[in-house]
Structure formats: C-alpha cells, structure tokens
> 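Please find one structure pasted underneath; my questions will follow.
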Amino acid sequence: MWRQVTSPRVLRAILPAASFVILLAAIFYVQPRAMSYFGMNLMLQYTVPIALATIAQMFIITVNDLDLSIGAFVGLTACIGATLLADSPLLGVLALLACVGAYAALGALIYWRNLPSIVVTLGMSFVWLGGAVLILPTPGGTAPGWVKAIMGLKTPVVPFPIIATLVIGISVHLVLMRSSYGTVLRGVGGNPRAVKRAGWSLLKAKMVMYAAAGFFGVLSGLSLIGLTSAADAHIADRYTLYAIAGVILGGGEFVGGRVSPIGAIIGALTLALTGSFLTFLRISPDWQIGAQGGILILVLALRALIKRQEG
Amino acid sequence: MLKKMLIGTAVLASCLTAQMAVADTSDKRIALSNNYAGNSWRQAMLDSWEKVAGAAAADGVVAEAPAFTTAENQVTEQAAQIQNLILEGYDAIVINAASPDALNGAVKQACDAGIVVVSFDGIVTEPCAYRIAVDFHAMGKLEVEYLATRMDGGNLLEIRGLAGVFVDDEISAGIHEGVAENPQFEIVGSVHGDWAQDVAQKAVAGVLPSLPEIAAVVTQGGDGYGAAQAFAAAGRPTPLIVMGNRYDEMLWWKEQKDANGYETMSVSIAPGVGTLAFWVAQMILDGKDVPQDLTVPFLQITQDTLEDSLATTQPGGVANVEYSLEDAQGVVDGS
C-alpha cells in the first residue's frame, strides 16, 4: 500500500495538487479573510480566463507544438467581444468563428509545410495584436451584458470561479483523456508515425487541436472582458507565458503528448495565486516576479527528482 | 499686526483640521496601486508618496498607506492586484491606472465592497471612482494668458512636443485657443521639440533665420533651455520663453534673472500629484464632500518662487511639490 502511494507515478500526479493546497493554506494563514465565499470569489475570479488560456496552450503542447501567440490572440478576441459582439452579435459571432478557423488553418499550415510552430505563432502574435489595435485603437468598448452576467454569477455555497474551473477541467479531461479520439490526438504527440500507420489523418488531428485551442482562446477572451467590462489590445499579453508555465506546472511535458487537463488548470490556479500570496506577504513588487519564478522552479525541481526515481 | 493675526488664524485652522483628521481616520488604511515605475517621473511620484503618506501614517492620521506597483504595465496584473487589495480590506485605494477602461470591473468591485477609489494621472472611467485629471488644454491656454499680462502683443514661436501624442495635441490646442482669444498675438512658427532640450535647440535653430522678430516662445516643458540656446547662438535678442519646471531651464532663468532681470514663468505637472490623491482619499474617508472629478493644479513657478524651486530640485530633475492636507482642501474647494 505504502509502496503504491510513494510510487513515482502517483507522486507525480499528486505534486501539482499538493503544491496548490500548500499555497492555498499559506494564503489562508497570512490573510484569513481570503477564507470566505467573498474572498475566494475575488481571489480566483481572474484565474478563469488564465485557466482557459492554459487549456488552449495545452492542446497545442499535446501535439508537440508551442503557441507563442495565445496572449495576443486572447487580446484580439477580447477586443472583438467588447466591440463587434456587443454592437452586432451576429457579426461578432462570425468574427470569433473566423478566429477559430484561422487557428485551424495555422495548424494545417504548420503540419503541411512542416514549419516550426514557435516561429509561426510568434509571427501570428503580431498579426493578432495588429488586428486588435485596428478593431479597438484606444482602450474601451463594452462587454455584452450576458458575458458580464455569466462571469458575475453568484452561485450558492461554492464560488463561481471554482465551479467554472472544475467544469472546464473535468470536461476537457473526459474528452482528451477518456474518449478514443482523444487518445489518438495525444498519440499524435507521443508517436505520430504509429498514429499515421494506424490510418489516422495527422493533418486532421492537428487542425482539430489548433481549432480547439482557438475555441478556448475565444472563451478566455470573453471571460476576461466579462470581468473587466472593457477591453484593451494589450489586456492579455502576459497570458502567453502564464499558459505555458501552467501546463508544465500541472505535470505536462513539452513533447510526447504527455499532458493533464486537470493538472494544467491546477497549474494555472497555482501561478495566479502565487501573485496574491506575494501581495499579501507585502513583498516588494520588484521581487514578486522573481519570487513567482522561484516557486515555479521549486515545483519543477521536485518533479525532476521524482522523474529520476521513475527512470 | 493684521498679517500676524492672519497667520495665527491660519495656523490654528490647520491645527484644527489636522486634529479632526486624526480623530476620524486614524484607523483607516489607504493603498496605492501603481501600474508602472520605469521612469524618473514615476520614481519621483513613488518617493513623494512614501514621504507624505508614510509621514501621515507615522503621525496617526491614517493607520497605514503602503504602495503597490505591478512589475510591468499590465492590465490583468493590476486588476488582480486591486482585487487582492479589496480582500485585504483597505478603506481606500488610490490608483494610477494601466488602462482607462479595462480596470473598470475591478474598480466597480472595490466600490461595491465600500472602498473609496481615487484615480489620478492614469484615471479610470468607472463612474463610482474619483478622478484627479490633468488638464493639459488649460495649461497651454495659461501660457498665452500669462503673456497677455506681460506684453501688448507680438509674434509667437510655438515649440510642440512629440508628434502624435495626445498630450502634445492637448497643450497645443490650448495655446491656439489662447491665441484666438488674444488676437494681439500671432503664432508665426511652430516646431517639434519632442520635450527634449537638444531636439528643441536644433529645431529652433533651423527655423529661426526665416522668422521675423519673436516676442515670446510658448513651450510644453523640457524645451525652454534649448530654445534659449538657439536664440543666443543665432545672435538674436532673447524673447520671453515660457519654461517647464526642468532643472536646467530654471538654472538658465536664474542666471538671466541675476544678470539682467529677465522675467518669465514656468509651468508643468508635479509628480507629487500622487500625494494630492492620498489626501483626497483621506478627506473622503473623513466624510468630507468631494466632487467626483477634480483637476490637478499645475505647478507654476514665478519670478519670486524661482530660487526656492531651484534649491529643492535635483540636478537633471523636475520641480516637485508634495501636497499637504490644506493644499488638497484648497484644490477641492477651488473646483
């Protein structure tokens, strides 16, 4: 029994959750006020868009690619949401669908020409930012009422952000980890040749994963303006790095299709909460970024330790 | 005698207001949420806050007044920071915002939690927040109005700032409005000095040969010294140059004043405006009636205050002023 619990595999799965729980406990200790419906709601609200962006990044990482444009893309969808979607819903929905389509097309291009995803997405990040500035030259716009209503939902007992992140994590887990096509999709990252020989289309798989990333990017942008009530082209610049770090912190690997949706969500929450924790501790903002990185390195170092046992 | 009595009354009054403040807000906590600290103006702003708000906390006027800065100018980080400040139960949050609109969600939550929100410099549009805005338009107009008190009229040279920046457009529009109201003046030349002495000097030197006699130069700050150098190099008489509170400008002005009684004025925005926001927040917590929208008073240096301003300004810096509660009261009453 004890051997089972301390087996590297189990430890590895527990690590993200354990670091999250430790962090949460530390926050409650430093700032007991956080331990309430109001406090949790406030502290976790902004983790919903980060969690969605992290899931988007996870889809890309699953097929061994990396998306350096997700932050700019979320910014673009936020700008569309606060302008087109609010003024003429039909046009807004079409524009957002076009964004998802563009992501699928990117996946196809990257597979078809065998391009490095980092370069393509880095280039696209400027395209998304340019589009966002064209749509919304100066910060402003208004989020549609229904988006604000959803994000401002007062659910009984359990705060909305917790329910939202749980629902996102579990539904993505069911599709990607439990369904048969989900296994194929992860196989594209693990052993593309084998998947191809088995008769699956790699092109289609990549397009599906990129489209899924685009879809979650749109959700992230909309949830973000639901909180801020207005948009700014640079509103989500930080999300690119947060999303990558969240996936890795949550137990994912850059290659091999080895990812965990629930882990990624927990990783995103951990990252966001380190910021709150450091604010409550009154650490000078100049040190906060460094401290955030320190926590990240600590968790990854622990993982490397477990991995050595595994091998 | 009368003067002494007046001073006595003023001292008494200020003691009284200070006493009242101690009584009512000594348990209140005010936080500063700042989005950026990467230039000298912002550093001066944070220093002023530390000095004034820190002293207020030490004197027991407020319980505490820490400053929080996000590392990079990021909306999402500042929004999360504001939410953390709400959670920490501050009574007032003073904000220099990363975006006029995108922080409205977090600001509204703060208001809903009963927290007083005062934004300054980088203001927020959420109606529940208080705003202390900079009226650059009025600053430009003020320059021409000052000239009207000094001379009967004449040709003006306008030095503008960085093309395409909102501040440049606003100040210039104010100057042009001032000229329209005072038709005895005419703008005969306009160059971009980019708020930098060297750029201004080159630009003015380039345009001077084609200009008639210049009675005065209207500026935007950071360009007055360069303009003076250009006039001197061209061997032309030095016109009345409006200055912008920079150390080198004031130093030149002082030299001229001592040598030949040169007279002008200087105007800009003081980084200490953050301390004005602090006192406004304190006054609101104190139950005072404060209008939702306030305008930052300019820091104006005159012939008489030149020496004092020069003495308190760092070489290479900008003249600063830290506000006291009485100053803030004056701003509120004046609006």
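Letters go in sequence order (proteins before strands), and every chain restarts at 1.
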> So what's closer than 4.5 Å to chain A heavy atoms on B:Gln109: side chain, backbone, both or neither?
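For B:Gln109, the side chain is the part near chain A, not the backbone.
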
> Do A:Tyr103 and A:Asp67 pair up side chain to side chain, a donor and an acceptor below 3.5 Å, judged on atom types alone?
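Indeed, the side chains of A:Tyr103 and A:Asp67 share at least one donor-acceptor pair under 3.5 Å.
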
> Check the side chains of B:Thr125 and B:Asn104 for a donor-acceptor pair under 3.5 angstrom, ignoring hydrogens and angles.
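Yes - a donor-acceptor pair under 3.5 Å links their side chains.
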
> Under a plain distance cut-off of 3.5 Å, with no hydrogens placed, do B:Ser48 and B:Asn320 share a side-chain donor-acceptor pair?
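Note: B:Asn320 and B:Ser48 side chains meet the donor-acceptor criterion.
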
> Less than 4.5 Å apart, any side-chain heavy atom of B:Asp135 and any of B:Val296?
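They are not in side-chain contact.
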
> So which residue, A:Gln45, A:Lys148, A:Met43, ends up with the most heavy-atom pairs under 4.5 Å with chain B?
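Looking at each option in turn, the highest pair count goes to A:Gln45.
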
> What part of A:Leu42 gets within 4.5 angstrom of chain B, counting heavy atoms only: side chain, backbone, both, or neither?
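For A:Leu42, backbone and side chain are both near chain B.
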
> Tell me which of these, B:Ala80, B:Pro66, B:Gly89, has more heavy-atom pairs under 4.5 Å with chain A than the rest.
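The option with the most such pairs is B:Gly89.
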
> Check B:Lys51 with B:Asp47, please: is the shortest side-chain N to carboxylate O separation under 4.0 Å?
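No, B:Asp47 and B:Lys51 are not salt-bridged.
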
> Would you say the side chains of A:Asp232 and B:Ser99 form a donor-acceptor pair under 3.5 Å?
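B:Ser99 and A:Asp232 do have a side-chain donor-acceptor pair below 3.5 Å.
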
> Could you look at A:Leu224 and say if it's the side chain, the backbone, both or neither that has a heavy atom under 4.5 Å from chain B?
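Answer is side chain: those atoms of A:Leu224 sit under 4.5 Å from chain B.
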
> Using a 4.5 angstrom heavy-atom cutoff, name the option from B:Leu103, B:Val107, B:Asp101, B:Ile86 with the most pairs to chain A.
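Top count of heavy-atom pairs under 4.5 Å with chain A: B:Asp101.
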
> For the candidates A:Met151, A:His234, A:Arg33, which exhibits the highest count of non-hydrogen atom pairs separated by less than 4.5 Å from chain B?
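Heavy-atom pairs under 4.5 Å are most numerous for A:Arg33.
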
